[in-house]
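One structure below.
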Amino acid sequence: FYDYFSLFLLFFIFISLFYAVIALANIPYDIAKKRNHPHQDSILIAGWISLFTLHLVWPFLWIWSTLYREDRGWGFQSPKSIAPGEAKVLKEQIAQLQSRVDAFESTETTKRGEK
């Protein structure tokens with residue numbers, strides 16, 4: 001009886017590990033599918049290739065699949081344009097800050113000269 005039980009257990013463990021490795025390779029594809037990634041097919045194929053490389057490229061696939069989101073894309077947005085009125089205010093603030101820095105630097109140089 002124990003011989004058959006151990007043989008069953010051996011096959012069960014082998015098959016479970018086989019499917020677990022395949023399921024692990026498909027996690028990046030599942031993430032990409034959920035996020036509607038434009039490179040879903042490439043991620044799926046790279047996941048299958050990662051089986052042959054002993055999951056060496058798997059962390060990179062995970063990163064690749066999580067970079068894209070449908071609501072914001074790749075995260076690289078062009079900067080919003082600034083209204084002319086806002087630009088004028090920002091230029092005034094920069095000028096004020098520059099004058100404060102110049103005043104501070106001049107007081108520091110006079111303090112060093114006195115020493």
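Reckoned from all heavy atoms, side chains included, excluding hydrogens, waters and symmetry mates. Only a predicted model underlies this, so the values are computations on that prediction, with no experimental measurement involved. Numbers here are sequence positions counted from 1.
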List in chain and number order the residues that pass side chain to side chain contact (heavy atoms under 4.5 Å, CB included) with [X], two or more places apart in sequence or in another chain; answer none if no residue qualifies.
X	result
V89	Q93
Y4	none
P59	none
Q96	none

> Looking at V57 and S50, what are the two nearest heavy atoms and their distance?
Replying inline: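 Heavy atoms only, the tightest pair is CG2-CB, 3.5 Å.
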>> Holding to side chain to side chain donor-acceptor pair (under 3.5 Å), I want the full list of residues that pass it with E70, two or more places apart in sequence or in another chain.
In response: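 For E70, the residues satisfying side chain to side chain donor-acceptor pair (under 3.5 Å) (neighbours in sequence not counted) are N36.
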>> Going by side chain to side chain donor-acceptor pair (under 3.5 Å), name the residues that satisfy it together with Q98, two or more places apart in sequence or in a different chain.
In response: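 Q98 satisfies side chain to side chain donor-acceptor pair (under 3.5 Å) with D102 only.
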> With a cutoff of under 4.5 Å between side-chain heavy atoms, which Ile, Leu, Val, Met, Phe, Trp and Tyr residues group with I45?
Replying inline: I49
> Which residues, ordered by chain and number, are linked to I94 in its hydrophobic cluster, where ILVMFWY side chains connect at heavy-atom gaps below 4.5 Å, directly or through other members?
Replying inline: none
> W64 vs H39 aromatic rings, parallel, tilted or perpendicular, using cut-offs 30° and 60°?
Replying inline: tilted
Should [X] and [Y] be regarded as members of a common hydrophobic cluster, given that ILVMFWY residues are connected when their side-chain heavy atoms come within less than 4.5 Å of each other, either directly or indirectly?
X	Y	value
I43	W74	yes
L51	W58	no
F60	L67	no

> Does W48 have any ring pair (Phe, Tyr, Trp, His ring centres under 6.0 Å) partners at least two apart in sequence or in another chain, and if so, which?
Replying inline: none
Can you give me every donor-acceptor pair (side chain of residues 6-19, partner residue at least two apart or in another chain, under 3.5 Å) with its distance?
residue : atom : partner : partner atom : Å
S6      : OG   : Y2      : O            : 3.0
S6      : OG   : D3      : O            : 2.9
S16     : OG   : F12     : O            : 2.8

> Sequence neighbours excluded, which residues qualify as salt bridge (charged side-chain N to carboxylate O under 4.0 Å, His left out) partners of R35?
Replying inline: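 If we apply the salt bridge (charged side-chain N to carboxylate O under 4.0 Å, His left out) test to R35, skipping adjacent residues, there are no hits.
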> For the atom pair NE2 (H55) and CH2 (W62), what is the distance rounded to the nearest 0.5 Å?
Replying inline: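 H55 NE2 to W62 CH2: 13.0 Å, rounded to 0.5 Å.
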Show me, pair by pair, the donor-acceptor contacts under 3.5 angstrom made by side chains of residues 22-33, not counting sequence neighbours?
none

